[in-house]
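The structure under discussion appears below in the form of structure tokens.
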Number of protein chains: 2
Amino acid sequence: MNIYDVSEHAGVSIATVSRVLNGNPNVSEKTREKVLKVMDELGYTPNVFARGLGLNTMKTIGIMCSDSSDPYLAGAIYYLERGLRAHGYDAILCCTGYDLDAKQKYFDLLRSKRVDAIILAGSKFVEMRAKDNAYIIEAASDLPIMLVNGFLEGENIYSTVCDDHAAVYGAASQLLSSGRRRILYVYTSYSYSGVNKLEGYKDALKSKGITPSDELIRQCPKDIEAARELLLSLHREGLEFDAVITSDDSLAVGAVKYAHIADISIPRVLSIIGYNNSLLARCTDPEITSIDSKVEALCTTTINTLMGVFSGVNVPSRTTIASDLIKRKTTNF
Amino acid sequence: MNIYDVSEHAGVSIATVSRVLNGNPNVSEKTREKVLKVMDELGYTPNVFARGLGLNTMKTIGIMCSDSSDPYLAGAIYYLERGLRAHGYDAILCCTGYDLDAKQKYFDLLRSKRVDAIILAGSKFVEMRAKDNAYIIEAASDLPIMLVNGFLEGENIYSTVCDDHAAVYGAASQLLSSGRRRILYVYTSYSYSGVNKLEGYKDALKSKGITPSDELIRQCPKDIEAARELLLSLHREGLEFDAVITSDDSLAVGAVKYAHIADISIPRVLSIIGYNNSLLARCTDPEITSIDSKVEALCTTTINTLMGVFSGVNVPSRTTIASDLIKRKTTNF
DNA sequence: TTGTACGCGTTATCAC
DNA sequence: GTGATAACGCGTACAA
């Protein structure tokens, strides 16, 4: 069942069938109807491979993410996929894990599949060492690279980021204004967004004349129990803190659990602010105040930018989206 | 940059290049090395479209799910994608939502992309009315259809399911054995797995000589707050229950919140059992006893079955995987 | 062991 | 408004 069969049954040439197929206006209404009727009768579907061969595109975008089961990334993938499909594009998903070699391997794999663009979802794709990002910059000469919540400078590379610095700066400032003095900051990694968050924290302290102290800045695996244990051990060591800001909701859940175990009143004695405003923030008692990183806006902006790139419109290489602080019961403001 | 360029530079025919490309043993070691060297120098990558056109396959599988941001499905997608990629297949993701028309539309879309198989992830793709599943059964004549946690009878349709009936049966039986008498069952939908779970609940009661009562079987949207409010209103109406089993962890979280608000002791006065053993079950205090539906096993089995189908091996049309009850602090056994 | 020639199904470029 | 025909790049009989 191909274009020849249709042309034969309709008594026209394959060129005419192709024109009907692609909405070319140079076809008489009568011919068009005849061809469409035959297509319908024969249940004809164009062969995407042949089309791809001719056009050198299959209208397919590669989405890379480190772990699609992470709540934040799962949301991002959902919005990206729906957005792409609304524009007639397919999404090939690629879960890379966190290893650089694997990321590069999958990146090349997607390129060899001739996807029309690659979306890097999440802040884990930009490495601290510039040379580790060379493969991305180089690839961008072939196809647009879109970063969701990550930033990389380069031709044909477009970033859409949440203003993490302002978000944490604002959250920390509010904690300080409400009388908190020793804010613990717990983060998971030194990614692009991780660094921005941390700087936001430090700058908020500095703006109130407080020198950030290393003992109040702690790294922790992205895991509820790990965060709980970390805070318990800090507590046992005698470290004092009256507030916690975490770089992810799961760590904030761990903080709530810590407070329950140590019998510390939330938010009277301890304030807690999480990040991402995920489902997790609404599971605990009290529910967690969390910074909403606006995944949906991030993703729709990414898709819009990409479509702009495809249509040759001039688009910004970097778009910043403001976050929201969703106030719940782990803070008293 | 194509196979002709390589053949020219290497001083061989395109056929030989093709043989090298596909690991055909009928090439002398010397020629092979020469060709590989040229490929490397030229940075040659085979064109997948041309290959797809000839072979009529792009080694790509369509994964349909209603909502990839749902924790359970996000996990499933992760394991499916990784499993497929390990076998050299790409995954096209397609988030359909819950509307039947949309599901059919996307199903046809994937078929028109000539994917090698379609995986339906989650129990939301099998409708109660047989005629609403006709489109799946019909499509199965063209390509294998794999159901993850759903069952549909038909040629070339393969189901991998969790034994939901046994899971809930076991959970309810343990609650009864521990002295609970009025177990509330809260479910979200009448899907394949939804019905099995409910039957497991009913059968467990019957086996102990208890007649299931409609007032203890309630439907509820898959939402923390909705579940909390439902239980609160049942409580206010004076309905008595000393245990709750829910068809999803999010509902169980709602149940925990209800107990906190109504000042009911868990598990002394109220036992709670959730479903899916997701991250949510570990967020609350007390942490929730939950039925582990073995997503990973479900997915790897699905992939293995699919690979079996591709290689012509005889595979079972239905595989059942046993679930686990993960005991935490909302039950006293 | 290697090469030639054709088919795969579409789009695009002509000529009419 | 329509038709003939050349790409597109690969796999693979078949011939050598």
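Here is the naming used below: chain letters follow the sequence lines, and residue numbers restart at 1 for every chain. Since this is a predicted model, take the numbers as computed values, not measurements.
- For S18(B), a side-chain nitrogen or oxygen approaches OP1 or OP2 of dG11(D) to under 4.0 Å.
- If you check every strand for non-hydrogen atoms under 4.0 Å, I14(B) touches a base.
- For S28(A) and dT2(D), the shortest distance from a side-chain N or O to OP1 or OP2 is below 4.0 Å.
- Contact between the side-chain N/O atoms of R51(B) and the OP1/OP2 oxygens of dG11(D) is found at a separation under 4.0 Å.
- Nearest-nucleotide positions on DNA chain D place R32(A) closer to the 5' end than the other of Y4(A) and R32(A).
- Note on N47(A): every side-chain N or O is 4.0 Å or more away from OP1 and OP2 of dG9(C).
- With respect to the salt-bridge test (charged N to carboxylate O, under 4.0 angstrom), the residues K37(B) and E33(B) do not qualify.
- To the nearest 0.5 Å, atom CD1 of residue I119(A) and atom SG of residue C94(A) are 13.0 Å apart.
- Under 4.0 angstrom from either OP1 or OP2 of dG1(D) there lies no side-chain N or O belonging to T16(A).
- Of the listed nucleotides (dT2(C), dG11(D), dT2(D)), dT2(C) has the atom at the smallest distance from the side chain of T31(B).
- Residue contacts shown for N26(A) include a base, since a base heavy atom lies under 4.0 Å away.
- Comparing atom distances between the I3(B) side chain and each of dT10(C), dG11(D), dT2(D) picks out dG11(D) as nearest.
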